[in-house]
Amino acid sequence: MAYRVTFIPGDGVGPELSEATRRVLEGTGVEFEWDVQEAGADVMDKYGTPLPEPVLESIRKNKVAIKGPITTPIGTGFRSVNVALRAELDLYACLRPCKYYPGIPGAFRGTDVTIVRENTEDLYAGIEYEEGTPDAKKVIDFLNGMQKKQIRPDSGISIKPISITGTERIVRFAFEHAREYKRKKVTAVTKSNIMKFSDGLFLHTAERVAKDYPDIEFEDRLVDNLCMQLVKRPSEYDVLVLPNLYGDIVSDLCAGLIGGLGVAPGANIGKDVAVFEATHGSAPKYKGQNKVNPMAMMFSGVLMLRYLNEGQAADRLENALAEVIKEGKSVTYDLKERRDDPTAVGTSQVADAVIEKMEHAS
Ligand code: NAD
C-alpha cells in the first residue's frame with residue numbers, strides 16, 4: 001500500500017529541490033501518495049499567512065511530511081515559519097545526522113556525528129521583551145527588586161527556559177535513537193558551568209536518564225570545548241544531545257565538517273508525527289535557476305524512508321547518492337573543488353544521476 005505523505009514544496013529554491021527529491025524517492029520503488037500542501041512566502045496573498053491551517057491539518061492526519069525550505073516573510077508576526085511549524089506540532093526532536101561521504105571537497109574523513117537538538121525550549125521559546133517597552137521595564141524592575149545584581153534599564157531581555165520534562169524526553173530520544181541505530185556513545189552538550197539552573201538542569205537530567213541505558217556510553221562536554229574538539233577530531237563523537245541554541249549552532253558547524261549545507265539533512269520528530277527537511281533555508285537568490293544541491297533534501301528522504309521502516313529502499317537511495325558524490329561528475333557547484341567549475345550540473349541532473357545509479361544497482 002502506498003504511503004500517504006504530506007508534501008510541502010516550500011518557496012525559494014524549495015520547489016526545485018522538492019521535485020528532484022520526489023523523483024528519487026519514487027525511484028526507490030516505494031509507493032507514495034503525495035498530499036501536496038502550499039506554504040511559504042508565495043501563498044501569503046492567497047491565505048494571508050505563510051503557514052495556512054490546511055498544512056497543519058494534513059500533517060496531523062498523515063503523520064509524516066517532507067518539506068522544502070520556507071522563507072520567513074518579514075512582518076508576518078512569525079519569528080520563523082519553520083519554528084512555528086515545530087511548535088504547533090510539538091516536534092520536539094530535531095535529528096541531524098552529519099556523515100562523511102568520500103568525494104566531497106574539504107570534508108573531514110570519518111565524521112559520523114548525529115545531532116539531537118531539543119526543538120521547543122531554551123532561547124528559542126520566543127519569550128522576549130523589547131528594550132524600552134513597558135513590559136521590558138516591568139520585567140527589569142521586578143528582577144532588580146529581588147536581586148543584588150542589577151540589569152541596566154536600557155536592556156532587551158530574552159528568556160531561556162529549560163525544563164526537566166523537555167530535557168528528559170529529548171535525552172531519552174537520543175538514547176533510543178542510539179540503541180536503534182547501533183551507536184555507541186551519547187554526549188550531552190551544555191554550558192552548565194555558567195548557566196547552572198538551565199544548562200545545569202539539562203546536564204543533571206541527562207546524567208539521570210543515562211543510567212537507564214547502561215549499554216550506551218555517556219559523557220558530557222562544554223559547548224565551547226566541544227566546538228574546538230569537533231574541528232580537530234570529529235571522529236571521536238557519535239550522538240550529541242543539545243539544548244536548542246547550541247544544537248542549532250553545532251549542526252551548522254557539523255554541516256561544514258561534511259561539506260556544507262548542500263548535503264546536511266534533517267528531521268523534526270514528535271510523539272507520532274515527523275517532518276523531514278534539509279538543514280538549509282530557501283536560498284532565494286538561486287530561485288528558479290536549477291542550480292543548488294538537492295542532496296540535503298534527498299538525504300532527508302533517506303531518513304524518512306528509515307522512519308517508515310523502509311530500510312532497504314533507504315539503503316538503495318543512500319548508496320546511489322554516495323556513488324554520485326564519489327564519482328564527482330553529476331554534482332552541483334558546491335561539491336566541486338572550485339565553485340565556478342563549468343562542469344557542475346544542475347538540481348534536476350543530480351536527480352537523473354541518482355535514479356540511474358539506483359536502476360543500475362537493481
Ligand atoms: P540559506 O540556507 O537559505 O542560504 C544560505 C546560503 O547557503 C545560500 O545563499 C547558498 O550559498 C547556500 N546554500 C543553501 N542551501 C544550499 C543548497 N541546497 N545547495 C547549495 N548551496 C546552498 O540561508 P538564509 O539565506 O539565511 O535563509 C534564507 C531564508 O530561508 C530565510 O527566510 C530563512 O528564514 C529561511 N530558512 C528556512 C529554513 C527551513 O525552511 N527549514 C531553514 C533555514 C532558513
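All residue numbers refer to positions in the sequence shown, counting from 1. In this text, all values refer to a predicted model and were calculated from it rather than measured experimentally. Read the numbers this way: they start at 1 and go in the same order the structure lists the ligands and their atoms.
- The hydrophobic cluster around Leu203 extends to none of the other residues, as no ILVMFWY side-chain heavy atom falls under 4.5 Å of it.
- In summary, the atoms of ligand 1 found under 4.0 Å from a heavy atom of Thr72, numbered by their order in the structure, are 32 (O), 34 (O).
- In terms of N/O distances under 3.5 Å, ligand 1 is not approached by Thr279.
- Counting non-hydrogen atoms of neighbouring residues, nucleotides and ligands closer than 6.0 angstrom, the CD atom of Glu57 exceeds 12 such neighbours.
- A ring pair (Phe, Tyr, Trp, His ring centres under 6.0 Å) with Phe7 is found for exactly one of Trp34, Phe32, Phe276, namely Trp34.
- Of the options Gly281, Gly260, Gly12, the smallest heavy-atom separation from atom 23 (O) of ligand 1 is shown by Gly281.
- Residue Tyr286 approaches ligand 1 through these ligand atoms, each under 4.0 Å from one of its heavy atoms: 9 (O), 10 (C), 11 (O).
- In summary, of the residues considered (Arg183, Lys185, Lys99), a salt bridge (charged side-chain N to carboxylate O under 4.0 Å, His left out) with Asp112 occurs for Arg183 alone.
- Atom numbering of ligand 1 starts at 1 in the shown order; those under 4.0 Å from a heavy atom of Asn293 are 17 (C), 18 (N), 19 (N), 20 (C).
- Heavy-atom proximity to Lys285, at under 4.0 Å, picks out these atoms of ligand 1: 9 (O).
- The cationic group of Arg306 does not satisfy the cation-pi geometry with Tyr181, failing either the under 6.0 Å distance to the six-membered ring centre or the 45° limit from the ring axis.
- Distance check for atom 27 (O) of ligand 1: every protein heavy atom is found at 4.0 Å or beyond.
- Looking only at heavy atoms of the protein, atom 7 (O) of ligand 1 is closest to Leu261 CD1, 3.8 Å.
- When non-hydrogen atoms are compared, ligand 1 lies under 4.0 Å from the side chain of Asn82 (C-beta onward) but not from its backbone.
- No side-chain donor from either of Tyr286 and Glu16 sits under 3.5 Å from a side-chain acceptor of the other.
- Checking side-chain atoms of Ser58 against main-chain N and O of Thr6 turns up no donor-acceptor pair under 3.5 Å.
- When Ser282, Ala264, Ala283 are ranked by how near their heavy atoms come to atom 30 (O) of ligand 1, first place goes to Ser282.
- At a threshold of 4.0 Å, the pair Lys287-Asp11 does not count as salt-bridged, since none of the basic side-chain nitrogens sits closer than that to a carboxylate oxygen.
- The Glu277 neighbourhood of ligand 1 comprises atoms 39 (C), 40 (O), 41 (N), with distances under 4.0 Å to a heavy atom of that residue.
- Assignment of Lys67 to the shell around ligand 1 is supported, since a heavy atom sits closer than 4.0 Å.
- For Pro69, no nitrogen or oxygen atom sits less than 3.5 Å from a nitrogen or oxygen atom of ligand 1, counting backbone and side chain alike.
- Counting the atoms of ligand 1 from 1 in the order shown, those under 4.0 Å from a heavy atom of Thr71 are 32 (O).
- Cation-pi contact between Lys191 and Tyr246: absent, since separation from the ring centre below 6.0 Å together with deviation from the ring axis within 45° is not met.
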